[in-house]
Amino acid sequence: MKKKNGVSVKTLYRAFVYLVLLALAVSIFVPVAWVFLASIKENSEFYGSPWAMPKGFYFQNFIDAFEKANMGEFFLNSVIVTALALAILLVIALPASYVLARYRFFGSKLINMLFMGGLFINVNYIVVPIFLMFVDADTFLRKMGFANGFFLNNIFVLALVYASTALPFTIYLLSGFFITIPKDYEEAAHVDGCGYFRTMVQIMMPMALPSIITVILFNFLSFWNEYIIAMTMLTKDSKTLPVGLMNLTQAQRGAANYGALYAGLVIVMLPTLILYILVQKKLTQGMSLGGLKG
């Protein structure tokens with residue numbers, strides 16, 4: 001290893017990498033910490049130095065966000081939509097990715113190609129066609145006697161849209177892991193009398209747990225923070241947390257109530273931070289797995 005003034009190039013490179021990582025960590029940690037501190041400040045404290053520590057813990061900001069801005073209702077809607085979307089996604093994606101990765105049948109290559117093509121479609125570009133399709137469907141239902149329609153302002157349908165748009169990425173990631181598992185496990189399971197379904201559920205899925213946790217975390221972040229589809233599909237008072245947060249931002253800026261605004265931001269961020277802390281080890285394992293082979 002070459003040395004420069006007594007210091008090896010490898011040491012310099014390592015120091016550079018650590019410096020970049022430290023800068024990235026600070027750039028993420030400082031804004032997040034600032035939002036948490038701002039959420040417990042009284043409104044009068046915002047007119048001083050923005051970097052001043054809070055004088056106390058002003059919990060009224062969170063009460064105002066939950067009660068006056070309906071963040072509690074929006075939070076519950078987001079929990080329901082995200083949980084439903086994840087459940088639907090896993091129920092469909094796990095068997096589909098396992099079958100597409102381990103078995104060859106008529107049309108399997110075409111199905112794989114269609115799912116791979118779905119990776120290049122940005123769902124934000126097709127929100128309007130989806131919305132118009134649901135409008136037409138609700139118009140048809142009203143003609144049939146269903147006064148309220150079904151597809152718009154329905155959190156179950158919103159969860160179904162979330163799950164369907166996440167299928168390509170999820171199947172890609174899970175299939176990449178299932179392909180890497182040796183077939184010896186399945187052969188041993190069949191010798192012991194396990195059928196296809198039992199082999200998938202009791203043998204393959206537990207082995208795929210790191211990848212499944214990775215999929216859950218990525219899709220949780222996507223569903224929890226999604227704004228455009230939720231704003232389009234939920235046109236009445238029932239909204240998800242990101243849409244409610246935008247309404248809160250506009251209202252509190254006009255009222256100069258910054259404490260409640262930052263409390264709303266904390267309400268949105270806290271579940272994602274907690275989930276990441278809980279599964280970070282499994283996430284690291286899952287990120288190192290997968291990748292489709294030929």
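What you see is a predicted model, and the numbers here were worked out from it, not measured in a lab.
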Is it true that atom CZ of Phe29 has more than 12 heavy atoms of other residues, nucleotides or ligands lying nearer than 6.0 Å?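 Not buried by this count: 12 neighbours or fewer within 6.0 Å.
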If you draw a 6.0 Å radius around OH in Tyr13, do more than 12 non-hydrogen atoms from other residues or ligands fall strictly inside? no
What distance do [X] atom [atom1] and [Y] atom [atom2] have between them, rounded to the nearest 0.5 Å?
X      : Y      : atom1 : atom2 : result
Met204 : Tyr185 : CE    : OH    : 9.5 Å
Trp224 : Leu241 : CH2   : CG    : 5.5 Å
Tyr98  : Tyr196 : OH    : OH    : 9.0 Å
Lys239 : Glu73  : NZ    : CD    : 10.0 Å
Glu186 : Ile181 : CD    : CD1   : 7.5 Å

Would the Tyr172 and Phe169 ring centres measure less than 6.0 Å apart? no
With a 4.0 Å cut-off, would you call Glu45 and Lys55 a salt bridge?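 No, this pair does not count.
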Heavy-atom side-chain proximity of Leu245 to Tyr227 below 4.5 angstrom: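 Of all side-chain heavy-atom pairs linking Tyr227 with Leu245, none is under 4.5 Å.
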For the pair Leu158 and Asn154, evaluate side chain to side chain contact (heavy atoms under 4.5 Å, CB included) and give the outcome as yes or no after the intermediate values. CA-CA 6 Å; Leu158 179 62; Asn154 188 327; over 6 Å; no
Phe16 vs Tyr18, test: side chain to side chain contact (heavy atoms under 4.5 Å, CB included). Steps then yes/no. CA-CA 5 Å; Phe16 172 75; Tyr18 287 156; over 6 Å; no
Show the numbers, then the answer: is there a side chain to side chain contact (heavy atoms under 4.5 Å, CB included) between Asn219 and Thr170? CA-CA 8 Å; Asn219 286 303; Thr170 304; 3.2 Å; yes
Before giving the answer on side chain to side chain contact (heavy atoms under 4.5 Å, CB included), spell out for Thr240 and Phe74 the whole-Å C-alpha distance, their side-chain angles and the decisive distance to 0.1 Å. CA-CA 5 Å; Thr240 56; Phe74 300 153; over 6 Å; no
Under 4.5 Å side-chain linkage, directly or through intermediates, the cluster mates of Leu114: Leu110
Would you please classify the geometry between the Phe223 ring and the Tyr162 ring as parallel, tilted or perpendicular, with 30° and 60° separating the classes?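 Parallel: the ring planes of Tyr162 and Phe223 meet at under 30°.
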